2 protein chains.
Amino acid sequence: MRKIFHRRRTLRDVALAAGVSISTASNALNETGRVNIETRDKVKRIAQEIGFLPNALARSLLSKRSFTIGMITNDTYGRLTLPMAAGVSEALVDHGISVFLCATNNDQRLATSHLQALLEKQVDGIIFTATRLDLEPPVELLNLPIPVVYVFAQGPNQNVSFVPDDAQGARLAVTHLKRLGYSRIVHITGPQDYLAARIRAETYRESCDRSPEVFFGDWSEDWGYVATEKVFSQGGKQPDAIFCGSDEIARGVIDALRDLDLSVPNDVAVVGFDNWEVISRQTRPPLTTVDMELKELGRQAGLAILALTRDEAIDTGIQRLSCSLVVRESCGAEGSHPQV
Amino acid sequence: MRKIFHRRRTLRDVALAAGVSISTASNALNETGRVNIETRDKVKRIAQEIGFLPNALARSLLSKRSFTIGMITNDTYGRLTLPMAAGVSEALVDHGISVFLCATNNDQRLATSHLQALLEKQVDGIIFTATRLDLEPPVELLNLPIPVVYVFAQGPNQNVSFVPDDAQGARLAVTHLKRLGYSRIVHITGPQDYLAARIRAETYRESCDRSPEVFFGDWSEDWGYVATEKVFSQGGKQPDAIFCGSDEIARGVIDALRDLDLSVPNDVAVVGFDNWEVISRQTRPPLTTVDMELKELGRQAGLAILALTRDEAIDTGIQRLSCSLVVRESCGAEGSHPQV
DNA sequence: CTGAAAGCGCTAACAT
DNA sequence: ATGTTAGCGCTTTCAG
């Protein structure tokens, strides 16, 4: 195929067709300056007719605002990044701002090259996001000519960073369990070298009156299964609830409980973490879990970068956003108990 | 926070600092025209020192190429879109082309507004992608001043559309089953009004020697579970293999089989479709499934749009890309049989 | 109220 | 080999 594309219409075309000067056409379309209402309407009508669209490149060159921001994720496009990206877009779309989403796959060179491209394209700001909180953002972000916002990642103190409040989220889960009368709660979670896992575990320990037990492992279904077998094979009094560090782990836990002939939630209640719906809605029974409000996190980041590009002052430092508890059948959905 | 950002360095700054004219500076940096090798190096060094980055806006205004393409997805950011987007980026990043990813959430107005923003930003081309093949792309894409490529969606004949070869994929699955000696295969799949479901079912019918049985339902785990119960509660000879229209369905099927005390793959083999790894790797046993090669689909689309923006001729019409079979434990992983 | 002119940052003839 | 000039499409003074 070789197709002939038409030349794009420019403001000059509009002006010519309307019999006015370029600057009048500009004023008419933007409703700036003083222009006769009839001329204005005529210009607008003609612009519409010939299918004129302003060239944002030319406009940005002059205004020094590209109405574009860059979003860099260290991760491959993943389940954490995407809800956040959706939130960012949602916050910015009404302001005519578009988003370049760049995945670096944890490759430093890719990150640098993406960053350079973004800078050359004159983005108005950058949102950096990672897949874990305790990951050093690339140093290149430190002395940029444009504002940088961090989400699900921790930037320097003079910047803003939005992160989920893991402690509050964990507290939400444990409180829920306790309120429903569960008292022997164990915690099965991911690797100890994850900050989020440590925070959740620590909060769990603090909120649990008696002999808290934490099992660190990895974020997999398998680990949930194995850990549960282990828990129930040890002697002594057995737990009546399991608080899991992720939905994947929770799914493994539920599977294991079924194989142990323990019913959820009657024999053992289960609470997850993530509200990753592919999993949390599909476990049997569906999973009560903590939602990190990723989209809201993204939305806040979008609003922050918007404010910064407008030179407005905002609060800096780490902003912890509340998690919410989604109650489903695996714990407390019967409605007989007060829900959080 | 209110931070002062430095003015960006321009070519003029470089020229001034190097004591040459702007055009010489330009020529030196781009290695165009004739310029003394010493001046060239000096200019380059200085550009580096003062942290000069060319303004892509100015450059594009002149060259009429923005080195940016837009990717519009009708869907919310989802599991189909993202691997494709990754493929697109992969194909284009080496050519310095960035991608605007726009999710329209099936909202016509959002689609139109995104499209307009893309056009104003002078993108060099547009990739449209959907979440099902039989969905009319927005008519606005028909008469654009730039090339449009369709992926996982079907555009007009004079354009290129890349879609997975569902028939070949289904054949892959059934052939695999038959080669391993399974002969009473049933097919549990999604809604009949999905083109992909119909194609897969049709191919399954053709490839199955004896009395094929298709169960249309929806794409959920639940349906897989329910359908399996139904299949095994009917009288007569029972199936020895189930070919599923999606991995989610397959997961439900496997669950149901376990509850029926049937072992996978010994009593019943299961093959899925999608290779959505969150599911396919986590079922017990892990799932043998058809992979639609979404990333490759995206890569092809990226290459196509690249060619088109360069005015190169390419093949138009529907291009069906082969699926591949990923063999895991749920069917044929023992290695004792030839694998496809 | 309208138009002429300058210029955003850069590239590409064209002179020198 | 280097500099001068024009101009991409637009906005914005500033005269008229």
Side-chain angles (χ1 to χ4, degrees), chain A residues 6-44 46-47 50-68 96 117 119-124 145-146, chain B residues 6-44 46-47 50-68 96 117 119-124 145-146:
Chain A
H6 304 290
R7 194 176 58 76
R8 304 194 192 208
R9 302 301 170 183
T10 74
L11 193 51
R12 224 175 74 94
D13 298 328
V14 179
L16 237 49
V20 297
S21 76
I22 295 185
S23 52
T24 300
S26 170
N27 282 328
L29 292 175
N30 299 320
E31 316 227 359
T32 55
R34 271 171 293 280
V35 40
N36 190 322
I37 193 155
E38 289 162 22
T39 353
R40 174 161 69 70
D41 291 346
K42 182 176 180 192
V43 170
K44 283 191 170 180
I46 291 185
I50 70 174
F52 167 76
L53 283 182
N55 184 327
L57 262 35
R59 197 179 257 187
S60 299
L61 189 54
L62 225 34
S63 69
K64 300 188 179 308
R65 292 201 54 193
S66 63
F67 292 93
T68 299
L119 257 16
E120 293 185 354
K121 292 197 167 140
Q122 311 296 113
V123 295
D124 298 329
I146 48 171
Chain B
H6 305 289
R7 193 176 61 74
R8 303 195 192 208
R9 303 301 170 180
T10 73
L11 194 51
R12 225 175 73 95
D13 299 325
V14 178
L16 237 49
V20 297
S21 76
I22 295 186
S23 55
T24 300
S26 169
N27 281 327
L29 292 174
N30 300 320
E31 317 226 0
T32 55
R34 268 171 293 279
V35 39
N36 191 323
I37 193 156
E38 290 160 24
T39 356
R40 173 161 69 70
D41 292 346
K42 181 177 181 190
V43 170
K44 283 192 172 179
I46 291 186
I50 69 175
F52 167 78
L53 282 183
N55 185 325
L57 263 34
R59 199 179 255 187
S60 298
L61 188 55
L62 222 35
S63 69
K64 301 192 178 308
R65 290 200 58 193
S66 63
F67 293 93
T68 299
L119 257 14
E120 293 186 354
K121 292 196 165 137
Q122 312 296 114
V123 295
D124 298 331
I146 47 171

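Here is how names work: the chains are called A, B, and so on, in the same order as the sequence lines, proteins then strands, and each is numbered from 1. Just so you know, these numbers come straight off a predicted model, no measurement behind them.
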(message) Both B:Arg34 and A:Ser23 contact DNA chain C. Which one's nearest nucleotide lies toward the 5' end?
(response)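 That would be A:Ser23.
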
Which part of the nucleic acid, if any, lies within contact of [X], taking any heavy atom under 4.0 Å across all strands shown: a base, the sugar-phosphate backbone alone, or nothing?
X       : answer
B:Asn30 : sugar-phosphate
A:Thr39 : sugar-phosphate
B:Arg59 : sugar-phosphate

If I take atom [atom1] in residue [X] and atom [atom2] in nucleotide [N], what distance separates them, rounded to the nearest angstrom?
X       : N      : atom1 : atom2 : result
B:Asn55 : D:dG9  : CG    : C1'   : 14 Å
A:Arg65 : D:dT11 : CZ    : C1'   : 16 Å
B:Glu38 : D:dA1  : CD    : C1'   : 12 Å
B:Ile22 : D:dA1  : CD1   : P     : 21 Å
A:Leu62 : D:dC8  : CG    : P     : 15 Å
A:Leu61 : C:dT11 : CG    : P     : 12 Å
B:Leu29 : C:dT11 : CG    : C1'   : 12 Å
A:Arg40 : C:dT2  : CZ    : P     : 11 Å

Nearest-neighbour nucleotide for the [X] side chain, [options] considered:
X       : options                : answer
A:Asn27 : C:dC10, D:dC10, D:dT12 : D:dT12
A:Asn36 : C:dT2, D:dT4, C:dG9    : C:dT2
B:Pro54 : C:dA5, C:dC10, D:dC10  : C:dC10

(message) Heavy-atom count check: over 12 atoms from other residues, nucleotides or ligands less than 6.0 Å from A:Arg7 CZ?
(response)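 Counting other residues, nucleotides and ligands, CZ of A:Arg7 exceeds 12 neighbours.
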
(message) Within the supplied structure, the quantity of interest is the number of heavy atoms (other residues, nucleotides, ligands) at a distance under 6.0 Å from B:Arg12 CZ; does it exceed 12?
(response) no

(message) Using modelled atom types and a 3.5 Å cut-off, is there a donor and acceptor pairing between side-chain atoms of B:Arg8 and backbone atoms of B:Leu53?
(response)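 Side chain of B:Arg8 to backbone of B:Leu53: no pair is present.
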
(message) Quick one: does any side-chain atom of B:Asp13 pair with a main-chain N or O of B:Thr10 as donor and acceptor, under 3.5 Å?
(response)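 Yes.
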
(message) Could you measure the distance from the CG atom of A:Leu57 to the OG1 atom of B:Thr68? Nearest 0.5 Å is fine.
(response) 8.0 Å

(request) Name every residue in residues 7-18 of chain B that has at least one heavy atom under 4.0 Å from any atom of DNA chain C, in order of residue number, or write none if there are no such residues. (result)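 Of all residues in residues 7-18 of chain B, the ones placing a heavy atom under 4.0 Å from DNA chain C are B:Thr10, B:Leu11.
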
(message) To check you understand the geometry: which heavy-atom pair defines the closest contact between B:Ser66 and B:Val123, and what is its length?
(response) OG-CA, 3.5 Å

(message) If the condition is salt bridge (charged side-chain N to carboxylate O under 4.0 Å, His left out), which residues does A:Arg40 pass it with, not counting sequence neighbours?
(response)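 Checked A:Arg40 against salt bridge (charged side-chain N to carboxylate O under 4.0 Å, His left out); matches are A:Glu31.
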
(request) Report yes if a side-chain nitrogen or oxygen of A:Ser21 is closer than 4.0 Å to either non-bridging phosphate oxygen (OP1 or OP2) of C:dG3; otherwise report no. (result)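 So the side chain of A:Ser21 is within the cut-off, an N or O lying under 4.0 Å from OP1 or OP2 of C:dG3.
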
(request) Using only heavy-atom distances, decide whether a donor-acceptor pair under 3.5 angstrom links the side-chain of B:Ser26 to the base of C:dA12. (result)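 Per atom types, no contact qualifies.
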
